[in-house]
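Reviewing the structure listed below.
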There are 2 protein chains.
Amino acid sequence: MNDIRPIRATSGTNHEGTSAHNRRVIIDALRLNGALSRADLARATRLTKQTVSNIMEELENDGLVTSRETVRRGRGQPSTPYSLVPEGAFAIGLQIDRHITRAIAVDLVGNVLIRKEANLPAGGPATGTPVVLQLVEDVRSELKERVAQAEKRLVGLGAAMPGPFGIEQEDADNPWMMGAWQRFPLLETLSAGTGLNVTLQNDAAACATAERMVGAAHGLDHAVCLYVGYGIGAGLILGGELYSGAHGNAGEIGMALLTSGGRQTQLEHRASLASLYDHLGVDPMAPDIYSLIDKRAAADDPDILTWIERAAIDLRWSVQLIETIFDPQTVILCGGAPPALATRLMAAMQPLLPSNADRPDRLLPRLQLGMTDPWAVARGAAAEPIGHAFDPRFQAILKS
Amino acid sequence: MNDIRPIRATSGTNHEGTSAHNRRVIIDALRLNGALSRADLARATRLTKQTVSNIMEELENDGLVTSRETVRRGRGQPSTPYSLVPEGAFAIGLQIDRHITRAIAVDLVGNVLIRKEANLPAGGPATGTPVVLQLVEDVRSELKERVAQAEKRLVGLGAAMPGPFGIEQEDADNPWMMGAWQRFPLLETLSAGTGLNVTLQNDAAACATAERMVGAAHGLDHAVCLYVGYGIGAGLILGGELYSGAHGNAGEIGMALLTSGGRQTQLEHRASLASLYDHLGVDPMAPDIYSLIDKRAAADDPDILTWIERAAIDLRWSVQLIETIFDPQTVILCGGAPPALATRLMAAMQPLLPSNADRPDRLLPRLQLGMTDPWAVARGAAAEPIGHAFDPRFQAILKS
DNA sequence: CTTTTAAGTCAATTGTCTTGACTAATTTGT
DNA sequence: ACAAATTAGTCAAGACAATTGACTTAAAAG
């Protein structure tokens, strides 16, 4: 009667769960491999030809896949490859950063159709929310114009902003943080303001999602993206899925403490674009800052080079730490740094520190350069709702 | 014809996969909640009463669950709770450490039935393997004597030893490592020598498995076990599963570099029992070392206290790092340290460094003391095959 | 030009969960 | 004391989705 202890259990599954899983497995295989015939899919997924045929028919009717020209591969009946239809699904990606907000529209295969940005006024969510909502609305209506049936195939809005979320912030007005935004119920506001499914993640996680869907982590099950943006963080692909921790704050290595040059500070204060701007004495609000940094880096500006030297020390340490702790297949350097800066930073990080990643059976480079354009976070944010709708995941199998 | 590119895809599933998953979900719910009625299980797993009834009948026939006395809980027909039968499954756990090897037999609910240990002679696997195999055989035959049908319900042998595995070791004879064992095909040797299913993991991971099954991480989905043994490592429970990384080396934080007292060293060289033995100048091979350390710690031996002070600094940093990177629900300090030492170490680590784990909605302590007896690793190793046989996991759903 | 091989379909079957009606056992309210 | 309400659990039929095996189609090899 008064026995109201909650019972802990995983959800069971049923036929619908099975079916949903198999559909997702097939879509995922097509995304990973480009185009595959029904027979190929049957072998790859270990389903029977018949099951694959049934699912493919469904997917074709749903407008998610389409057949291509038959190909002859030796003996036997030629096969008909199928590939994903880019127009099968759309998503909007939104990045909210310190001084700027960006929104994009992407399709099922990750093509960016529309990109728009706007400056965020000082004043936090109170003044920023209308700007953000307007930007999303602009992208959405342009998408509607350009693609007739886009609206009903819009699977959601993925938002990304710097973390961490939900912690007790003593230093609420620390300029490295975005305290006001982080305490603001952004998810609910966006959801109410757009009527879409909204997901929220931190910017490093979004970058990792982008790298996994269309970048250097494509098809990898264990990869860590070291995100160097205004702040620094790590996006974690662990066991084939993005890992966010218990409260969405996993990978926030910017707050890791390190002793460098005799003083103990946070990693973020030494290796991030913010620390670069600080070092150079430039205004992060400047509209042309991206090209400015790119040009100065390309010209091997001595001030930039000294920052690179210093940051590389801490980034080398970070890579060694990440390899030691996560044992990934590869580490990917990504973020909003301009190409000239990113390549120089990559070079300055070599040689990497010795670590467990030195293996005789290693296939991939220990460190790779990933997407480093300012739109990477928005792309990853947009990839989230699409991935959520179509990835085979544990969650997908459970009863709804 | 020559198109032999491998196709990447997740496996699909079928009815058998569904059923296997649901069986595992039910067993897991019983393990987590003790005893539950069929109706309770149906609600908790979101399966129908009928499905649960069918599965329970099967499980009862298989000897894995048994009914208990009916209980009246208010109105309606009294319910019949079911609980796991301890004798439903057995597993052997094996720990191989620097100077010693331990083997235990456990049952389905984690009771330790038999424990045996042996000193490992110097000389690595060549001389050690016979000792290890004999120890396992001793445990196995005693189990056979004590429980008639144990042999056919023996689900496997779980082995644990210090990592990392499979890396290029320049310092093959570094005494902190176990290079010879780590290069040795232990899994194959044990498998051939016993005919059992064998799994291998590092000692910190085994400890985490133990904590999850019967300890402080019971029922948690995000927990990190900071394992302080002869070496130091972290066992990772991420998203409800043990995470091992791409090559089984995730969590090997002993190799993390830190700058402490002006010098850069590995964490392992400062906070581990090996460093304590070194500090005290005692021989790690001494047979009574565990009780010796326990006694000296209980007597607040000044040499031990200075080590604790120093180690606590680095452990505080480790906890802050773990919280920053993994965002777990809790961190658990465990390992082979004697109780008197472990409690003093816990105390010396307070107060913890500020971190993202300072949350207003926090439910569990940031740091908890877990199992700290020398048998914890063997228990965790033994839990692995049982968990593998009965946990609802993603793998379980895929087609075999 | 026959044989072999592979892609893909058709129709029947099988495995597993769901549904709805039922029985059983207990408490609550009159 | 007895009817009504409530909860546990069963029975039998149905629905869903994958499997099976025989078949058709189309190409290469001998």
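In the text below, chain A, chain B and the rest are named by the order of the sequence lines, each starting its count at 1.
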Can you give me every donor-acceptor pair (side chain of residues 58-66 of chain B, partner residue at least two apart or in another chain, under 3.5 Å) with its distance?
residue : atom : partner : partner atom : Å
B:Glu58 : OE1  : B:Arg23 : NH1          : 2.5
B:Asn61 : ND2  : B:Glu57 : O            : 3.4
B:Asp62 : OD2  : B:Arg23 : NH1          : 3.2
B:Asp62 : OD2  : B:Arg23 : NH2          : 3.1

Give the nucleotide from the list C:dT9, D:dG9, C:dG8 with an atom nearest to the side chain of A:Ala39. C:dG8
Residue that, paired with B:Thr10, satisfies side chain to side chain contact (heavy atoms under 4.5 Å, CB included) out of A:Leu32, A:Asp28, A:Thr45: A:Asp28
If only side-chain N and O atoms of [X] are considered, is one of them under 4.0 Å from the OP1 or OP2 phosphate oxygen of [N]?
X	N	answer
A:Ser53	C:dT9	yes
A:Arg43	C:dA7	yes
B:Ser37	D:dG9	yes
B:Arg38	D:dT10	yes

A:His15: what forms a ring pair (Phe, Tyr, Trp, His ring centres under 6.0 Å) with it, not counting sequence neighbours? B:His15
Under the ring pair (Phe, Tyr, Trp, His ring centres under 6.0 Å) test, residues paired with B:His222 that sit two or more places apart: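 Expected list: A:Tyr243.
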Can you tell me how far [atom2] of [N] sits from [atom1] of [X], to the nearest Å?
X	N	atom1	atom2	value
B:Asp40	D:dA8	CG	P	7 Å
B:Leu41	D:dT7	CG	P	18 Å
B:Met56	D:dG9	CE	P	9 Å
B:Arg73	C:dA24	CZ	C1'	17 Å

Just checking, is any N or O donor in the side chain of B:Tyr82 or B:Arg68 under 3.5 Å from an acceptor N or O on the other one?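 B:Arg68 and B:Tyr82 do not have a side-chain donor-acceptor pair below 3.5 Å.
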Grab the N/O contacts between the protein and nucleotides 3-5 of chain D below 3.5 Å, and write none if there aren't any.
residue : atom : partner : partner atom : Å
D:dA5   : O3'  : B:Arg75 : NH1          : 3.3

To the nearest 0.5 Å, tell me how far A:Thr70 OG1 sits from A:Gln77 CD. 9.0 Å
When rounded to the nearest 0.5 angstrom, what distance separates OG1 in A:Thr13 from NE2 in B:His21?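 So the OG1 of A:Thr13 and the NE2 of B:His21 are separated by 6.0 Å.
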Nearest-nucleotide 5' precedence on DNA chain D, B:Thr80 against A:Pro78: B:Thr80
How would you list, by chain and number, every residue that makes a salt bridge (charged side-chain N to carboxylate O under 4.0 Å, His left out) with B:Arg8, sequence neighbours excluded?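 For B:Arg8 there are no salt bridge (charged side-chain N to carboxylate O under 4.0 Å, His left out) partners, ignoring immediate neighbours.
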How does protein reach along nucleotides 13-25 of chain D, written 5' to 3' as B (base within reach of a heavy atom under 4.0 Å), S (only sugar-phosphate), or - (no contact)? ---BBSBB----B
Check the pair A:Asp40, A:Arg73 against salt bridge (charged side-chain N to carboxylate O under 4.0 Å, His left out), reporting the backbone distance first and the verdict last. CA-CA 12 Å; A:Asp40 283 340; A:Arg73 277 191 298 185; 3.0 Å; yes
